[in-house]
Amino acid sequence: MKSAYFLFIINLLCSLNLAAQRNIQTINSAWEFSSEKNEKTEIVNIPHTWNAEDAFLDGKEYFRGKGTYKKSLFVPQEGQQKRAFLKFEGSNQITTVYVNEKKVGEHRGGYTGFVFDISEALNYGEANQLRIVVDNAHNTDIPPLDADFNFYGGIYRDLQLILTNQIHFELENEATGNMLIKTPKVSKEKASISFETKIANHSKVSKNLKVSVDIFNPEKQKIETLTKQVQLSPAETKSVNFSKEITDPELWSPDSPKLYEAIAKISEENSEEILDEIDSKFGLRWFEVSTEKGFILNGKPIKLIGANRHQDFEDLGNALPNKIHRSDYKIIKEMGANVIRTAHYPQDPEVYRICDELGLLVWTEVPVINDVTDTDAYHKVSLKMQREQILQFYNHPSIVMWGLMNEIFIRLVFNNQMTEEEKKAKIKTTVALAEKLEKETKSLDPDRLSVMALHENELYNVTGIADIPDVIGWNLYFGWYSPGLESFGEFLDEQHKRYPNRPLFISEYGPGADSRIQTNDPKPWDYSEAYQLKLHRSYINQVLERDYVFGMTAWNFADFGSSFRQDSRPYINQKGLVNMDRSKKDIYHYYQARLLEEPFIYIAGKNYEKRYPKNENESIEITVFSNAKEVKLKVDNAEFTSEVEDGIALFKLSLPEGKHQLVATDEKLFHSREIIVKFRKNLVAEIDQNAILVNVGTHVNFTDETTGETWISDQEYKEGSFGYVGGEVYQKSSSKFQGTASDIQGTENDPLFQTMQEGIEAYKFDVEKGKYRVTLLFAEPEYNASEENIYNLSEAEKKNITDLRSFDIKINRKTLSRDLNLARDYGRLQAVEISYEIKTDAGIEIKFDDNSGNALLSGIKLEKL
Ligand code: GCB
């Protein structure tokens with residue numbers, strides 16, 4: 001590798017002249033990358049993951065194994081006077097670094113930072129070979145063991161090279177060089193603060209040093225310099241701590257996120273020359289929580305409402321530029337949120353900085369999820385992760401809760417293979433780990449709350465694990481995984497009655513929602529945006545009615561990658577308030593109406609512009625989100641008024657066919673949208689102008705994002721119109737999803753094929769004489785699944801092809817397909833589309849005659865030729 005392209009020359013010379021300040025630079029660009037899966041070298045930039053694509057591909061598991069990054073690093077002779085460190089902000093999940101083939105360090109865990117001192121392994125005045133091996137293979141000793149998100153492998157956060165003087169603030173510790181700023185006592189009148197630094201001497205001589213901390217107020221004025229004299233022997237590392245009391249502190253809060261700053265410096269006793277310098281922002285606030293008062297911040301009650309956030313993005317996996325981390329949190333703040341849970345792991349350092357700046361309270365947690373391994377090694381890594389998280393992010397005033405675990409008994413509950421003894425052992429090790437995590441958390445930070453998220457199961461109470469942290473978060477999916485929206489409040493009341501002193505938070509809730517799916521008649525598992533609205537509305541109301549619940553975070557801010565998921569968009573968990581590319585679903589705007597204080601108005605239905613009522617008597621529902629008392633809606637030239645309830649003004653209108661201009665106003669703001677009305681009763685008569693497309697076997701409309709076509713919900717045949725004859729809506733027995741939850745191959749329009757009418761006898765259109773194209777859509781939903789899914793999305797069933805259906809298709813009594821066996825002829829779970837050209841004198845009847853099993857149909861399109 002002689003090419004200068006691959007050679008990174010440390011820009012030491014200029015920094016050497018300055019003898020002093022540390023030099024921090026990213027070394028993100030142009031790494032040679034290869035992996036066990038693909039040995040061919042490619043040039044990549046960090047942040048990088050090798051799973052941005054394969055975690056979303058059909059039919060395969062994404063690659064989990066070793067990837068290797070290489071680069072040459074030229075270090076000038078003068079570099080010998082410096083110390084050199086590599087600082088990783090995060091790399092998933094075992095990272096081993098070699099310099100000139102000498103191993104300089106290994107780090108386990110994919111979500112926290114770490115630093116290696118590479119000084120001793122460098123050769124000066126020549127090129128050095130850096131080789132970094134990252135391994136994201138499943139490892140029973142490293143959390144997370146399994147979870148509902150992708151464990152994208154790679155160096156997916158910034159990598160820095162840091163050069164310091166021989167005397168410097170320590171870097172190679174779990175805090176990665178962070179000076180700890182503690183604010184144990186804050187009130188309106190005063191705040192006591194401590195600053196904890198560690199200094200190291202790598203020189204060969206003893207030094208008399210001066211360590212100082214300059215404190216700046218939020219207006220950036222220096223308010224104090226604290227100084228200490230320290231003697232430091234060669235090879236010695238020493239803690240140097242300071243304390244300070246500030247009167248009339250400028251408090252940090254979501255409404256007023258004021259940040260102080262501290263700059264710590266080292267110099268020789270009688271010299272002005274700075275040997276090293278570090279800085280950190282910090283904030284002054286206090287908080288407490290109780291079941292009577294809820295969450296109190298700076299003496300005032302505040303109901304916490306916000307969302308969870310995963311760290312991936314469309315086409316990027318988890319390798320996000322800081323810009324996207326920032327913009328995500330801005331979008332969250334603009335929603336009116338005041339809290340965020342960084343589920344299920346510590347996120348990029350940029351995330352905590354932006355939460356401090358924007359004023360978002362944070363629950364951050366370690367990825368101890370779903371299951372625990374009963375080994376010392378697993379326990380140790382979990383504890384180390386918690387230590388790293390706390391020490392690295394200690395100074396952020398936004399953080400108020402340290403999370404210990406998420407749904408840690410879910411595997412146990414859904415595992416039918418474990419014996420009672422094994423279950424007991426698992427519970428024992430899990431509770432023991434929770435106790436250790438709690439102890440570690442409190443010993444590092446007694447001033448914040450510890451918290452744990454539970455799934456809806458009594459085991460957390462009976463094992464006592466729920467009594468360990470200060471606060472309990474419930475992940476509750478009533479109206480989705482469990483039935484009944486109202487059961488949510490009942491569950492909470494019961495818990496509160498039994499554990500009256502336990503502060504409760506709703507850490508997760510929400511249904512899957514797909515912007516392509518629209519209906520006015522929402523039902524659980526139909527993936528409609530309307531059901532998402534219905535569930536969130538109900539949950540917000542139920543939480544607001546209960547003072548003992550101090551907050552809630554929706555699941556999830558954005559749709560995120562989860563390779564085993566078979567939702568209506570396969571491999572994506574679709575519970576986001578926004579899509580994976582951050583385009584907004586209606587529900588995002590609903591939160592704005594509920595949470596924002598400034599006036600807000602928005603006509604819902606960005607993806608619901610086409611409406612298909614039966615006739616002029618059937619009303620069209622227009623939903624306007626607003627925080628005003630009353631909203632006016634102008635429809636073309638008529639004006640209507642509606643009161644706002646729970647952030648919603650609902651208008652039921654009867655409108656003629658055609659385009660309509662809607663303008664909603666609260667007198668201060670306006671929002672407009674166009675809708676198109678088309679009566680179903682006229683579709684058959686107007687087939688000359690428009691094709692009829694029906695999403696068979698369901699009550700929802702589906703819009704194809706590529707063609708813009710809307711497949712309307714199905715209807716039973718009535719004379720003079722169109723519709724199905726016979727059969728019933730197909731429902732896979734153990735699936736809650738309407739139709740089948742399986743990924744349908746060969747299409748992006750999965751929902752269109754996932755729902756179907758089974759046992760269908762015929763489909764009829766009462767059209768006039770002419771030539772037509774009839775297109776039928778099918779998918780064989782029965783399959784041999786090998787995997788049981790704890791999220792209840794799919795199920796294993798074994799059926800032979802011969803047991804499956806075969807049918808003939810006759811159009812107007814003429815057999816056009818004989819013995820159509822979808823599984824045999826196309827494969828199971830495969831999108832099948834067959835078009836027939838026909839001529840008729842009057843009417844079209846497509847008959848399905850069963851040879852074996854029951855015929856089914858997923859969609860039908862009729863075009864006049
Ligand atoms: C949960 C988990 C979360 C999942 C979510 C879901 O309770 O904590 O990781 O993604 O449910 O969507 O099922």
Side-chain angles (χ1 to χ4, degrees), residues 303-310 331-341 343 456 473-492 505-515 517-546 549-560 567-568 573-579 582-596 600 602-608 621 623-627 644-650 700:
K303 195 93 165 181
L304 307 186
I305 303 185
N308 289 266
R309 189 251 185 184
H310 266 301
I331 300 172
I332 291 165
K333 180 79 181 182
E334 282 161 16
M335 186 178 97
N338 55 18
V339 65
I340 185 84
R341 174 173 172 233
E456 186 217 328
W474 283 106
N475 299 345
L476 296 176
Y477 289 92
F478 292 100
W480 193 246
Y481 299 126
S482 312
L485 290 178
E486 299 309 319
S487 312
F488 169 64
E490 288 158 19
F491 176 88
L492 291 173
F505 187 89
I506 311 306
S507 30
E508 291 178 27
Y509 61 96
D514 184 330
S515 311
I517 298 179
Q518 304 293 340
T519 178
N520 280 341
D521 179 25
K523 299 191 170 84
W525 290 93
D526 66 11
Y527 277 87
S528 66
E529 286 200 69
Y531 188 71
Q532 191 179 31
L533 174 60
K534 182 171 175 178
L535 187 145
H536 281 267
R537 176 183 189 173
S538 162
Y539 271 58
I540 295 173
N541 288 348
Q542 294 186 65
V543 165
L544 292 180
E545 279 159 16
R546 290 170 172 81
V549 180
F550 73 92
M552 66 199 300
T553 40
W555 191 256
N556 192 289
F557 160 60
D559 287 2
F560 58 92
D567 288 17
S568 74
N573 184 317
Q574 287 172 259
K575 299 192 184 76
L577 308 178
V578 304
N579 290 299
R582 279 33 175 186
S583 56
K584 289 159 186 148
K585 300 183 190 174
D586 268 356
I587 192 69
Y588 172 87
H589 301 291
Y590 179 61
Y591 273 88
Q592 292 187 300
R594 292 301 296 258
L595 302 178
L596 289 177
F600 179 79
Y602 183 86
I603 305 174
K606 184 169 83 186
N607 301 302
Y608 197 18
E621 289 186 7
T623 305
V624 181
F625 301 145
S626 173
N627 49 11
V644 176
E645 200 186 328
D646 304 337
I648 292 179
L650 187 66
V700 301

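For this chain, numbers begin at 1 and follow the sequence in order.
- To the nearest 0.5 Å, the span separating CD1 on Ile340 from CE on Met335 amounts to 7.5 Å.
- Looking at Leu492 and Leu476, their side chains come closer than 4.5 Å, going by heavy atoms from C-beta outward.
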- Intermediate values then yes/no, side-chain contact (heavy atoms from CB on, under 4.5 Å), Phe625 and Ile603: CA-CA 6 Å; Phe625 301 145; Ile603 305 174; over 6 Å; no
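- Rounded to the nearest 0.5 angstrom, His536 NE2 and Ile587 CD1 are separated by 5.0 Å.
- Put simply, the side chain of Lys606 never gets that close to the backbone of Ser515: no donor and acceptor are under 3.5 Å apart.
- Under the 3.5 Å distance criterion, the side-chain polar atoms of Asp646 are left unmatched by any main-chain donor or acceptor of Arg537.
- A donor-acceptor contact under 3.5 angstrom links the side chains of Gln574 and Ser568, judged on distance only.
- Taking every heavy atom of both residues into account, Leu485 and Gly479 meet most closely at CD2-CA, 3.9 Å.
- Checked options Asp526, Thr519, Asp521, Ile517; the residue passing with Tyr531 is Asp526 (criterion: side-chain contact (heavy atoms from CB on, under 4.5 Å)).
- For Asn475 (side chain) and Ile506 (main-chain N/O), no donor-acceptor pair under 3.5 Å exists by modelled atom type.
- With hydrogens and angles disregarded, a donor-acceptor distance shorter than 3.5 Å links the side chain of Tyr588 to the backbone of Ile331.
- Residues Gln542 and Ser538 bring a donor and an acceptor atom of their side chains to less than 3.5 Å of each other.
- Without hydrogens or angle criteria, Glu456 side chain to Tyr481 main chain gives no donor-acceptor distance under 3.5 Å.
- Between Phe600 and His589, the ring planes lie parallel to each other; the angle is under 30°, not in the 30° to 60° tilted range.
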Query raised in the report: After noting the C-alpha distance and the side-chain angles of Arg582 and Phe557, does the key distance pass the side-chain contact (heavy atoms from CB on, under 4.5 Å) rule?
Result: CA-CA 9 Å; Arg582 279 33 175 186; Phe557 160 60; 3.9 Å; yes
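- Between Asp567 and Asn573, the shortest heavy-atom contact is OD2-CA, 4.0 Å.
- Taking a 6.0 Å sphere around NZ of Lys534, one finds it holds 12 or fewer heavy atoms contributed by other residues, nucleotides or ligands.
- Taking both residues in full, the closest heavy atoms of Leu535 and Pro511 are given as CD2-CD, 3.8 Å, listed atom of the first, atom of the second, then distance.
- The shortest non-hydrogen separation linking Lys575 to Gly512 is CG-N, 3.7 Å.
- Take Glu529 and apply the salt bridge (Lys or Arg N to Asp or Glu O under 4.0 Å) test, not counting sequence neighbours, and it matches no residue.
- Side chains of Asn541 and Arg594: a donor-acceptor N/O pair is present below 3.5 angstrom, by distance only.
- Counting all heavy atoms, side chain and backbone alike, Ala513 lies closest to Ser528 at CB-O, 3.9 Å.
- Contact annotation: the side chain of Tyr608 approaches that of Asn520 to within less than 4.5 Å [non-hydrogen atoms, C-beta and beyond].
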Go through Leu533 and Ile648 one step at a time and tell me if the side-chain contact (heavy atoms from CB on, under 4.5 Å) criterion holds.
-> CA-CA 10 Å; Leu533 174 60; Ile648 292 179; 4.1 Å; yes
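- Remark: His310 pairs with Phe149, His344, Tyr345, Trp555, Phe560 by the ring-ring contact (aromatic ring centres under 6.0 Å, His included) rule, at least two apart or across chains.
- Using modelled atom types and a 3.5 Å distance limit, the side chains of Tyr477 and Glu508 yield a donor-acceptor pair.
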- Task: Before giving the answer on ring pair (Phe, Tyr, Trp, His ring centres under 6.0 Å), spell out for Trp480 and Tyr539 the whole-Å C-alpha distance, their side-chain angles and the decisive distance to 0.1 Å.
- Result: CA-CA 12 Å; Trp480 193 246; Tyr539 271 58; over 10 Å; no
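- Proximity of Gln518 to Val700: side-chain heavy atoms (C-beta onward) are nowhere separated by under 4.5 Å.
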**Message:** Please determine whether side-chain contact (heavy atoms from CB on, under 4.5 Å) holds for the pair Val644 and Asn627, giving the CA-CA distance in whole Å, both sets of side-chain angles, and the decisive distance to 0.1 Å.
**Reply:** CA-CA 7 Å; Val644 176; Asn627 49 11; over 6 Å; no
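- In plain terms, the two heavy atoms of Ala307 and Leu577 that are nearest each other are CB-CD1, 4.4 Å.
- Contact check on Lys585 versus Asp559 returns a salt bridge, with a Lys/Arg side-chain nitrogen under 4.0 Å from an Asp/Glu carboxylate oxygen.
- Checking Phe505, Tyr509, Phe491 one by one against Trp474, the ring-ring contact (aromatic ring centres under 6.0 Å, His included) holds for a single residue, Phe491.
- For the pair Leu595/Asn338, no side-chain contact is recorded, criterion being any heavy-atom separation below 4.5 Å from C-beta on.
- Looking at Asn556, its side chain never comes within 3.5 Å of a backbone N or O of Gly576 through a donor-acceptor pair.
- Thr553 contributes a side-chain N or O that, together with a main-chain N or O of Ser507, makes up a donor-acceptor pair within less than 3.5 Å.
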